[in-house]
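Atom set for the values below is all heavy atoms of this structure, side chains included, hydrogens, waters and symmetry mates excluded.
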Amino acid sequence: MALRQIPKCLSVAGTRPVVARVSPAVFNAIRSYATESSGKEPVEPAKKAESIINSLPGDSIIAKTGYIATGTGLAALLISKEIYVFNEESVILAAFGAIIAILYKAIKEPYISWAQGHIQSIKNTLEQARSNHKSAVQDQISA
């Protein structure tokens, strides 16, 4: 749609973005880094696929497939009717959402344990203050 607004006198070659060339050595280094196992055992594809399917809501495989099909169909409808325009902001939003999800997953357990410890220390302080106050009142009554 944006290309319709470009005047015909401009060449298409002039409107193409400039792409940086990557040397084969850099590409090989990136590829070896990406496929490095880093001490972890590789996950079998069948187990990984099963874990993804099990993470979807629903009890049966038909219900889980229905969620995927409905979501895909709804996205296709929104994009085809131009209700939703997929642009660079969408990619940034998806990346931001993924980062937030990863951070949530990584920080959830340590935060819960820290919060429980903090709550327990406040409870202990309040119980100690209560017992000290109670003993002080008892001493004043007996005196």
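- Scanning both residues, Asp139 and Ser142, for their nearest heavy atoms gives O-OG, 3.0 Å.
- Note on Ile99 and Ile92: separate hydrophobic clusters, where clusters join Ile, Leu, Val, Met, Phe, Trp and Tyr whose side-chain heavy atoms are under 4.5 Å apart, directly or indirectly.
- Looking at Asn132 and Gln128, their side chains do bring a donor and an acceptor atom within 3.5 Å of each other.
- Using a distance-only test at 3.5 Å, with no hydrogens or angles considered, a donor-acceptor pair links the side chain of Ser55 to the main chain of Ile52.
- The side chain to side chain donor-acceptor pair (under 3.5 Å) search around Glu89 returns Asn87, not counting sequence neighbours.
- In this structure, Asp59 has no side chain to side chain donor-acceptor pair (under 3.5 Å) partners at least two apart in sequence or on a different chain.
- Few gaps surround CG on Leu103; more than 12 heavy atoms of other groups in view lie less than 6.0 Å from it.
- Evaluation of the side chain to side chain donor-acceptor pair (under 3.5 Å) rule for Glu127 yields no partner, not counting sequence neighbours.
- For the ring pair (Phe, Tyr, Trp, His ring centres under 6.0 Å) test, residues two or more places apart in sequence or in another chain that qualify with His118 are Trp114.
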Item to check | Residue pair Val137, His133: steps toward the side-chain contact (heavy atoms from CB on, under 4.5 Å) verdict | outcome: CA-CA 6 Å; Val137 169; His133 180 71; 3.7 Å; yes
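- One finds the CD1 atom of Ile107 at 11.5 Å from the CD1 atom of Ile102 (value rounded to the nearest 0.5 Å).
- In this structure, the side chain of Lys48 does not engage the main chain of Val43 through any donor-acceptor pair within 3.5 Å.
- Taken from NZ in Lys123 to CZ in Arg130, the straight-line distance is 13.0 Å, to the nearest 0.5 Å.
- Shown here for Ala63 and Gly58, the closest heavy-atom pair between the two residues is CB-CA, 4.3 Å.
- Counting only residues at least two apart or on different chains, no ring-ring contact (aromatic ring centres under 6.0 Å, His included) pair has a member in residues 58-107.
- Listed here is the closest heavy atom pair of Ser80 and Leu77: OG-O, 3.0 Å.
- Linking Ile, Leu, Val, Met, Phe, Trp and Tyr residues whenever their side-chain heavy atoms come within less than 4.5 Å leaves Val85 and Leu74 in two separate clusters.
- Under the side chain to side chain donor-acceptor pair (under 3.5 Å) criterion, Glu44 pairs with no residue at all, not counting sequence neighbours.
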